[in-house]
Amino acid sequence: MRTPALTLCCLLAVACGGDFSNDDLEFQNALPQREDLAAKLPDSARSSQGVRTRGQALSRAQVLGGPSELALQAYAAGTQFNTDVDGLLALLEVFRHVPPTTREPDRRVWGPFPADGHPGHELRFVMERQGSDFGYLLQVRPTGGGEAAWWTYVPGTFKADGGIRKGEGSLAMDLKEARARGFEPQDANLVERLDIRYQTKVLPSSVELLVSSLGGALPLARYASRRTPEGLGEMSFRLPGEDLVPGGLLETLDIVARWTPDGRGVLVLNILDGDAKGAQYTECWDTRTRITFMQRNWDFITPTEGDRRTCPDVSALDPQP
C-alpha cells in the first residue's frame, strides 16, 4: 500500500516570507518525523527486497549454510513498513515547513487549501495543545462547504515527555471514511484503515503499525519496529491465515527478527494457533544472510543444527524491566 502526499501548491506560496515563532516550533515538534519512526534495516537488506513473497519465504525449507528466506521476508516487511509509514507521514510533512494560517494561544490552523488530485475538495490542518498534550486533525470538505462539512481524514496525538520530539504518539488514516465521502485514495484498494502508535521517550524506541483490510477481507495484520542508537533493529509481525501444514486449520504466525548494522541476525517464529499450534523455530544468519544456526522445538531427533555462538548479541533490544 502506497499513499502519496497531497501536494499543496498554495502552501508553498504562503511559505515565501513566512516566519515561525518559538511557539510555532513547539507545535511542529509534536509531529512525528520519518527518522523517528522508520525501521532500521542493515545495508545488506537493500539487495534482497522484492526477492520473495510472503508465501514463498515461509514455505521453503531452511537449510544450514543456505540463504535465510525468513531473514529476507523480515527485511521485506521492514521495507514495506517504512513505505506505509512514509506515505502517512508525507501527508503531515508539508505542514511542517510553512507557518500556520491562524494562530491562537493553544491552537494553530493551516488552510483551507485546494487538495491537488482531488478536484472539488479542500483541506485544513488543525493542531491544539493542552499542557504537554497535542492533538491534530487533517480534515477534508467539499470546496466552499461550511464548518459542519469538515470530516477527519488523519487524526493524531502526541504527549511530549523528556525533550524535543520525545514522547508517545498515535496517528491513523481513515480510508473507509474517505471512500464514503468521495475522496478516493490512490494505491490503497485493499486497505480500510492504517493505525500507528509510537514512543520515542525511552530506548529502544518503538513503532507499531496495524493494517485493516477493506471489508475485513483479510485478518488484521500487525507490524512493529524497534531500534537502538547503536544501529540494532527489530521487526516483529503477526501473520494470520497462513496454511503451513496439511489440516483443516490455518496458522497464525508471530515472528520477531533482530539484526545488527552489519547484517547478522536472529529470528524466532512462533505458531500461535492452527494445526501446528505451539511450534517454535529459531535461526541465526551471518552478514551474507546465510543460516548459521537453527533450532526446532518439534524435532526430537535433530532439534538444533549449527553453532549457537554464531548468533549476534542483540540483547539491547530486550524489553526493559
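- Here the straight-line distance linking atom CG of Asp86 with atom CZ of Arg34 works out to 4.5 Å at 0.5 Å rounding.
- Counting only distance, with no hydrogens or angles, the side chain of Asn270 and the backbone of Leu272 share no donor-acceptor pair below 3.5 Å.
- Hydrophobic clustering (ILVMFWY, side-chain heavy atoms < 4.5 Å, transitive): Leu37 and Val202 are in distinct clusters.
- Note that the CD atom of Gln28 and the CD atom of Gln33 stand 9.5 Å from one another [nearest 0.5 Å].
- Note that NE2 of His97 is 4.0 Å distant from CD of Glu93, once rounded to the nearest 0.5 Å.
- Trp151 and Leu138 fall within a single hydrophobic cluster, where Ile, Leu, Val, Met, Phe, Trp and Tyr side chains are chained together by heavy-atom contacts under 4.5 Å.
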Apply side chain to side chain contact (heavy atoms under 4.5 Å, CB included) to the pair Asp84 and Ile196, showing each step before the final yes or no.
CA-CA 10 Å; Asp84 289 346; Ile196 294 176; over 6 Å; no
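- Proximity of a side-chain donor or acceptor of Asn297 to a complementary backbone N or O of Gly278 within less than 3.5 Å is detected.
- Shown here are the ring pair (Phe, Tyr, Trp, His ring centres under 6.0 Å) partners of Trp285, two or more places apart in sequence or in another chain: there are none.
- With hydrogens and angles disregarded, no donor-acceptor distance shorter than 3.5 Å links the side chain of Gln280 to the backbone of Val268.
- There is no side-chain donor-acceptor pair under 3.5 Å between Asn22 and Glu26.
- Residues forming a ring pair (Phe, Tyr, Trp, His ring centres under 6.0 Å) with Phe158 (at least two apart in sequence, or on another chain): none.
- Closest heavy-atom contact between Arg296 and Thr302: NH1-O, 3.3 Å.
- Ser236 and Arg222 get closest at one heavy-atom pair: OG-NH1, 3.8 Å.
- Listed here is the closest heavy atom pair of Ile271 and Glu251: CG2-CG, 3.6 Å.
- When each of Trp150, Phe95, Tyr153, Phe113 is tested with Phe125 by the rule ring pair (Phe, Tyr, Trp, His ring centres under 6.0 Å), just one qualifies, namely Phe95.
- Using the six-membered ring where Trp is involved, Phe183 and His118 have ring planes that are parallel, under 30° apart on the 30 and 60° scheme.
- Residues Gln130 and Asp106 are not in side-chain contact: their nearest non-hydrogen atoms beyond the backbone lie 4.5 Å or more apart.
- Criterion: ILVMFWY side-chain heavy atoms under 4.5 Å apart, direct or through other members. Under it, Trp298 and Phe293 are not part of a common hydrophobic cluster.
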Show, in sequence, the C-alpha distance, side-chain angles and deciding distance for Arg197 and Leu210, and conclude whether the side chain to side chain contact (heavy atoms under 4.5 Å, CB included) test is met.
CA-CA 9 Å; Arg197 295 191 290 266; Leu210 298 176; 3.8 Å; yes
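- Two rings, from Tyr223 and Phe81, have their centers 6.0 Å or more apart.
- Note that the CG atom of Asp307 and the OG1 atom of Thr292 stand 8.0 Å from one another [nearest 0.5 Å].
- Between Asp23 and Arg129 there is a salt bridge, with a side-chain nitrogen of the basic residue lying less than 4.0 Å from a carboxylate oxygen of the acidic one.
- Of all heavy-atom pairs spanning Trp110 and Val98, the tightest one is NE1-O, 3.0 Å.
- Side chains of Ser205 and Thr200: a donor-acceptor N/O pair is absent below 3.5 angstrom, by distance only.
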Would you sort out whether Leu175 and Glu192 count as a side chain to side chain contact (heavy atoms under 4.5 Å, CB included), showing the intermediate values?
CA-CA 5 Å; Leu175 297 164; Glu192 189 168 89; 5.7 Å; no
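- Contact annotation: the side chain of Leu89 approaches that of Leu171 to within less than 4.5 Å [non-hydrogen atoms, C-beta and beyond].
- Each of Leu249 and Leu253 belongs to its own hydrophobic cluster when Ile, Leu, Val, Met, Phe, Trp and Tyr are linked at side-chain heavy-atom distances under 4.5 angstrom.
- In this structure a side-chain-to-backbone donor-acceptor pair under 3.5 Å is present from Thr101 to Gly111.
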Test salt bridge (Lys or Arg N to Asp or Glu O under 4.0 Å) on Lys166 and Asp161; report intermediate values, then the result.
CA-CA 5 Å; Lys166 300 297 184 183; Asp161 186 346; over 6 Å; no
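- Checked by atom type and distance alone, the side chain of Gln199 pairs as donor or acceptor with a backbone atom of Pro204 at under 3.5 Å.
- For the pair Asp24/Arg108, a side-chain contact is recorded, criterion being any heavy-atom separation below 4.5 Å from C-beta on.
- Residues meeting the salt bridge (Lys or Arg N to Asp or Glu O under 4.0 Å) test with Arg124, sequence neighbours left out: Glu147.
- Considering every non-hydrogen atom in both Arg141 and Pro112, the closest pair reads NH2-CG, 4.1 Å.
- The CG atom of Asp273 sits 3.5 Å away from the OG1 atom of Thr252 when rounded to the nearest 0.5 Å.
- With hydrophobic clusters built from ILVMFWY side chains whose heavy atoms lie under 4.5 angstrom apart, Tyr75 shares a cluster with Leu269.
- With a 4.5 Å cut-off on side-chain heavy atoms, Trp259 and Leu41 count as touching.
- Between Arg264 and Val314 there is no side-chain heavy-atom pair separated by less than 4.5 Å.
- Here the side chains of Thr260 and Leu232 are in contact, with some heavy-atom distance below 4.5 Å.
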Apply salt bridge (Lys or Arg N to Asp or Glu O under 4.0 Å) to residues Arg181 and Asp174 and explain how you reach the verdict.
CA-CA 11 Å; Arg181 299 276 189 169; Asp174 193 340; over 6 Å; no
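- Side-chain contact between Arg107 and Val126: present, with at least one pair of heavy atoms (C-beta onward) separated by less than 4.5 Å.
- In this structure, CD on Glu168 lies 8.0 Å from NZ on Lys159, to the nearest 0.5 angstrom.
- Residues Tyr136 and Leu92 form a side-chain contact, since some pair of their non-hydrogen atoms from C-beta on lies under 4.5 Å apart.
- For Ser225 against Met235, the heavy-atom pair with the smallest separation is CB-SD, 3.7 Å.
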Stepwise, does the side chain to side chain contact (heavy atoms under 4.5 Å, CB included) test hold for Leu91 with Met173?
CA-CA 10 Å; Leu91 298 176; Met173 179 184 291; 3.2 Å; yes
